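The structure under discussion appears below in the form of C-alpha cells.
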Amino acid sequence: MTEQQPWQWEEPTWREHVGHVRAGRPLRPESWPGGAKVAVALSFDSDHETIPLRDGEVLPGKLSQGEYGARVGVPRILRLLERFGAPSTFFVPAVSALLHEGEVKSYVDAGHEIALHGWIHERNTQLPPEAERDLTFRAADTLESLAGTRPVGIRTPSWDFSPHSLRIIRELGLAYDSSLMADDDCYEIVADGEPTGIVEVPTEWIRDDTPYFTMDRFTTLRPHTTPRGVLTIWREEFDGAYADGGVFQLTLHPHCIGHRSRISILAELLEHIASHEDVWFATHAQIADHVRTGKDLSR
C-alpha cells in the first residue's frame, strides 16, 4: 500500500501527530526568588569535537575548530561568568566530557550545573529507539561519574526530538527538558494529553549563537549578522522578558561565542542585564524547580 501524503491524512491522523508532545499549563510563577523581576537562564552547549565526529568527519580541520571551544572558549566563559556571579547550565555530550579531562569538574567547582546533551551529539531522529535510549542512559552514567551528581535535565542534541525522546526522558526520571519552543516561558510538557510533570525551559533559535555565526566552507552557509547586530537582538529579548516578568533563556556554544569579537558582546549583554537590580541568575535546574514548587533557591 502506498503511504499517504500529509494532504491526504484524515483529521485523527494529524491530530495524533500534533498531540504527541504538547505544551501544557504555563509555569510562570507569581514571583522569582529574592523579589527578582526576571530569571536569567544562561546555557552553554559544550559540543567541542562531537559535531564533526558525529558525522564521521575525522580530519584535523573541523576537529580543531571544536577543540577551540575547550581550549579557548571555555576558560573565557568561566572567567566571564565568575565576574558576574552568574550560575549557568552546561549541556555536555558525554564524548566531549571524556575527551577533555577535568572540564566537567571545572564547571562543578565553579558552581554551574551539568546536564545531558547526548553521547556524541547524535541525530536522535535518525536512530532506532533502542539506540537513542542506550546512548542517553550511557551519557547520564558518564556525566554522573565525572560530575559526582546525576544530571536532572536534558537538551537533546540539535534540539532533535524524536518520537521516543520524551519516553526516554521520563524513564530517566529527569526534572526538565530544554529542547522545545512552544512558549517564551516555562511550561509543563504534555504527552498524548497526559501531564508529565516535566518542566520545559524553552529554547529558540533567535536566542542561540550558531544561526548567526556558523560557517561551512563547502556550502553557502555564512555568518549573516554582525556580533553587534546579535547583541541588539539578545538585549531586546532580555528587555522583553524583564517587562513580562518571565525567563530570559540563552543558548551558546564555547567554540562559537568564545571568539574575541563575540565574547565581548556577551560581556556587554551581561553588563546590561546586571545593570538591573532585580535579576535572578539561575541554572536551568533551579528555574525548573522554582516554577514547579515555588521554592526560593536564592538563599
Side-chain angles (χ1 to χ4, degrees), residues 6 16-24 43-58 62 66 69 89-99 113-144 150-183 187-192 194 196-205 207-211 214 216 249 251-256 284-285 288:
E16 180 181 2
H17 287 302
V18 171
H20 178 52
V21 177
R22 204 73 171 156
S43 64
F44 299 87
D45 294 0
S46 299
D47 299 335
H48 304 337
E49 295 93 339
T50 61
I51 301 296
L53 287 175
R54 169 200 65 197
D55 295 329
E57 297 185 27
V58 296
K62 282 237 175 143
T89 299
F90 286 81
F91 293 91
V92 188
V95 168
S96 285
L98 292 169
L99 278 171
E113 177 196 2
I114 309 300
L116 286 164
H117 198 42
W119 176 257
I120 196 169
H121 212 281
E122 58 274 5
R123 298 183 188 275
N124 291 355
T125 56
Q126 296 179 7
L127 296 176
E130 62 273 14
E132 181 182 357
R133 181 189 182 278
D134 175 63
L135 292 175
T136 308
F137 271 74
R138 284 167 56 195
D141 292 342
T142 299
L143 293 188
E144 181 179 16
R150 195 160 182 84
V152 299
I154 188 170
R155 173 169 295 150
T156 57
S158 304
W159 310 347
D160 219 9
F161 219 85
S162 83
H164 317 286
S165 296
L166 184 56
R167 175 181 56 79
I168 295 167
I169 289 169
R170 299 181 76 177
E171 187 179 353
L172 267 172
L174 298 179
Y176 77 87
D177 172 71
S178 186
S179 315
L180 303 175
M181 297 172 268
D183 205 320
Y187 57 87
E188 182 179 14
I189 297 177
V190 170
D192 298 315
E194 174 197 353
T196 65
I198 297 170
V199 175
E200 180 64 35
V201 184
T203 55
E204 225 302 322
W205 292 112
R207 298 190 309 274
D208 185 301
D209 53 0
T210 53
T214 300
D216 187 335
Q249 188 278 338
T251 302
L252 303 166
H253 300 75
H255 72 278
C256 192
H284 284 46

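This is a predicted model, so every value here is computed, not measured. The analysis underlying the following values was restricted to heavy atoms, covering all of them including side chains, and did not include hydrogens, waters or symmetry mates.
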Are side-chain heavy atoms of [X] and [Y] found at a separation under 4.5 Å?
X      : Y      : answer
Pro211 : Asp208 : yes
Leu166 : His20  : no
Glu188 : Val199 : no
Leu143 : Phe90  : no
Arg123 : Asp55  : yes
Arg167 : Pro129 : yes
Leu53  : Leu99  : yes
Trp119 : Asp134 : no

**Message:** Checking Thr196 against Glu194 for the side-chain hydrogen bond (donor to acceptor under 3.5 Å, both in side chains) test, could you report, in this order, the C-alpha distance in whole Å, the side-chain angles of both residues, the deciding distance, and whether it holds?
**Reply:** CA-CA 6 Å; Thr196 65; Glu194 174 197 353; over 6 Å; no
Find the distance between [atom1] ([X]) and [atom2] ([Y]) and round it off to the nearest 0.5 Å.
X      : Y      : atom1 : atom2 : answer
Ile189 : Ile169 : CD1   : CD1   : 6.0 Å
Arg170 : Leu172 : CZ    : CG    : 12.5 Å
Thr251 : Glu204 : OG1   : CD    : 10.0 Å

**Test log, rule side-chain contact (heavy atoms from CB on, under 4.5 Å), inputs His121 and Val95** = CA-CA 8 Å; His121 212 281; Val95 168; over 6 Å; no
**Asked** Passes side-chain contact (heavy atoms from CB on, under 4.5 Å), Arg133 versus His164? Steps please.
**Response** CA-CA 8 Å; Arg133 181 189 182 278; His164 317 286; over 6 Å; no
Test item: [X] side-chain N/O and [Y] main-chain N/O as donor-acceptor pair under 3.5 Å:
X      : Y      : value
Asn124 : Ser162 : no
Glu200 : Leu180 : yes
His117 : Arg155 : yes
Ser179 : Thr156 : yes
Ser96  : Asp47  : yes

What heavy-atom pair brings [X] and [Y] nearest, and what distance separates the two atoms?
X      : Y      : answer
Pro93  : Ser46  : CD-O, 3.3 Å
Ala139 : Leu116 : C-CD2, 3.6 Å
Gly69  : Pro254 : O-CB, 3.5 Å
Gln249 : Ser178 : NE2-OG, 4.1 Å
Ala115 : Pro151 : CA-CB, 4.2 Å
Lys62  : Glu57  : CD-OE1, 3.3 Å

**Message:** Using a strict threshold of under 4.0 Å (side-chain N to carboxylate O), is an ion pair present between Arg150 and Asp141?
**Reply:** yes
**Message:** Is it true that, when you exclude Glu144 itself, more than 12 heavy atoms of the residues, nucleotides or ligands shown sit nearer than 6.0 Å to its CD?
**Reply:** yes
**Asked** Going through the distances and angles, do Glu132 and Ser165 end up as a side-chain hydrogen bond (donor to acceptor under 3.5 Å, both in side chains)?
**Response** CA-CA 8 Å; Glu132 181 182 357; Ser165 296; 2.6 Å; yes
**Asked** Under the side-chain contact (heavy atoms from CB on, under 4.5 Å) criterion, do Leu174 and Ile198 qualify, and how do the steps go?
**Response** CA-CA 7 Å; Leu174 298 179; Ile198 297 170; over 6 Å; no
**Item:** Chi angles and distances behind the side-chain contact (heavy atoms from CB on, under 4.5 Å) call for Thr210, Asp45
**Value:** CA-CA 11 Å; Thr210 53; Asp45 294 0; over 6 Å; no
**Asked** Under 30°, 30 to 60°, or over 60°: which ring-plane class applies to Tyr176 and His284, parallel, tilted or perpendicular?
**Response** tilted
